[in-house]
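For reference, the structure is listed below as structure tokens.
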Amino acid sequence: MESITEQKNKLSTTIVIENKAIAPGVFVLKYKKVKSFTAGQYIGLTTDLSVTPRLYTIASGENDAEVQVLYNLKDDGWLTPRLSEIKPGSELYVTNPDGDFIDDESPAWWIASGTGIAPYAAMFRSGLLKNKTLIHGGRYDHSFYFEKEFIPVLKENYIRCCSQDKGEGLYHGRLTRYLQDVKELPENCRFFLCGSPEMVVEVRDLLIKRGVEYERIVAEIYF
Amino acid sequence: MAKDTLLGKTLEELIQIVTELKLPKFTAKQIADWLYKKDIISIEEMSNLSLKARTALLENYDLGITASTKVQVSVDGTKKYLYPTAHAHKFIETAYIPDQKRNTLCVSSQVGCKMGCLFCMTGKQGFQGQLSSGEIINQIRSLPERENLSNIVYMGMGEPLDNVPELMKSLEILTSDYGMAMSPRRITVSTIGIIPGMIEFLNHSECHLAVSLHTPFEDERKKLMPVQNVYPIKDVLKIIRDFDFGLQRRISFEYIMFKGINDTPRHVKELCRILDGIKCRINLIRFHPIPDTPLDGSDDATMEDFKEQLTKKGITTTIRRSRGLDIFAACGLLSTKELVKRQEEDF
């Protein structure tokens, strides 16, 4: 049985490089890479060795020198209020990367809500660019994190579904409506879903209803 | 602002409360008696407490005992209770399953669930919040059949090990002498395998553990249960294999049977391989179809054969009887989706 001490021994100490708000209540934390990872994997983070690490999907590329994590500030949470105050140069404790939400070069639709964009950012930044369609759902026009990187490369294969705001290049409506409106869903293509449980179960049901075999759906849920 | 509730507080927390209210320390034990051993519905009824103590409690706390607002009764005697949560105007379901030898209560630990398992109705409503230990205990404390209860299973709405602090407090209250003094051997906590929570639970509780397995193959499990991407079953089994369960504590694996998906001889063989060295039992469960599901349940003959094959290989295997199917109280069907005020959408 793994003891608490053994668990702690698995944590590595790293140094925060940057911690910046990129939208209201949404931050990107950058720290010095400790272990290599595969795009789509997550790490556990904590600022206190006595507190169980919380899990975050890595948003940076596999070859980047730093690891990026995208997080929402949750006022009632334990970690994120502390994380949001953390300064460059501070120590942070991280687990080894882990997880199996991993894509390859075969055709795929990447579907995300909110900070669920993180694994796709990692995949994109790691060079998975061909045969990918990225659909991101958000409430406001500032909810489309990393859009400046995606737009010039993915072009029409990057769809931003904005439920509240209207704007140039935005699809006005929820991403589930967008998916319903799509005339034909591609065959021989996998559908990756990442984000809130509500989005994941709703989109999964919608895809299955539209004839997508559940074996072609890969889901990651934030908890 | 809503007052905090007394129900669900451990003795240590009650001592802290009475200390803050400048009441004698022994008052904490008296309050615990009223909360967990007696049948009151208001603080005023705590008749052995001084007037000063009752007044101080009333000013600062609610009792936290909330009656169910609805009950449905199945033709097989199963009852499904609807409980409002203490403050948030949300609802949870609790299933009471009477049987000849035992009367089991299936309690919820969350409003909705985050885990998104493909076959589960609760998962379809998404996640609306954690239950406090008081809201968990209230499902037992407010149960009309409370006196007849023999077993409690944390298999209702939600993933208990995604709510570890409140789960552990509720287990302490259920099993402590100051609380409901139940044997931990009458309580089973079910999980889909949240590893940090499982380690905490195994180390700090004596209750039984049930793990939702559903297929021994990792690739298949990923498609049924997204958690497999985060906490693979091989890691879950390693922890179980390395843990000393002693003679009395039980580990079981829940296995919902899906036609053509996880009910083949190949699955029997792989189950035997991955469970080798673990003293356990497997509960085979009929799949109860939910809307828009791509899955079908295995037929009775296949289930019987599957059970026989596992039994022959030395694994104790049972087929769980479906209960409360007509009132949607059976395994995987609990949901308060219709009652949930839809959360503001962000996608």
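Naming convention: chains lettered A, B, ... in sequence-line order (proteins, then strands); numbering from 1 in each chain. All values reported here derive from a predicted model rather than from experimental measurement.
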For [X], is it the side chain, the backbone, both or neither that has a heavy atom under 4.5 Å from a heavy atom of chain A?
| X | result |
| --- | --- |
| B:Lys222 | side chain |
| B:Leu118 | both |
| B:Met225 | neither |

**Item:** Contact listing (chain A partner; residues 155-168 of chain B; heavy atom under 4.5 Å)
**Value:** B:Asp162

**Asked** Any side-chain donor-acceptor pair under 3.5 Å between B:Ser170 and B:Tyr154?
**Response** yes

Can you find a pair of side-chain heavy atoms, one from [X] and one from [Y], that are under 4.5 Å apart?
| X | Y | result |
| --- | --- | --- |
| A:Thr115 | A:Tyr145 | yes |
| A:Thr47 | A:Leu79 | yes |
| A:Val26 | A:Leu73 | no |
| A:Ile58 | A:Tyr42 | no |
| A:Trp109 | A:Leu193 | no |

**Message:** Before you tell me yes or no, could you show the steps for B:Phe217 and B:His267 under ring pair (Phe, Tyr, Trp, His ring centres under 6.0 Å), namely the whole-Å CA-CA distance, both residues' side-chain angles and the distance that decides it to 0.1 Å?
**Reply:** CA-CA 8 Å; B:Phe217 294 106; B:His267 289 87; 5.2 Å; yes

**Request:** Considering only heavy atoms and a distance below 4.5 Å, find which of B:Ile261, B:Asp219, B:Leu224 pairs most often with chain A.
**Result:** B:Ile261

Given heavy-atom pairs under 4.5 angstrom as the criterion, report whether the side chain, backbone, both or neither of [X] touches chain B.
| X | value |
| --- | --- |
| A:Leu55 | side chain |
| A:Tyr222 | backbone |
| A:Phe101 | both |

**Message:** Does A:Arg204 qualify as a cation-pi partner of A:Phe191, given the criterion of NZ or CZ under 6.0 Å from the six-membered ring centre and within 45 degrees of its axis?
**Reply:** no

**Message:** Please identify, among A:Glu220, A:Glu215, A:His136, the residue contributing the most non-hydrogen atom pairs under 4.5 Å to chain B.
**Reply:** A:Glu215

**Asked** Are B:Phe245 and B:His208 close enough that their ring centers fall under 6.0 Å?
**Response** no

**Item:** Salt bridge B:Asp4-B:Lys9, side-chain N to carboxylate O under 4.0 Å
**Value:** yes

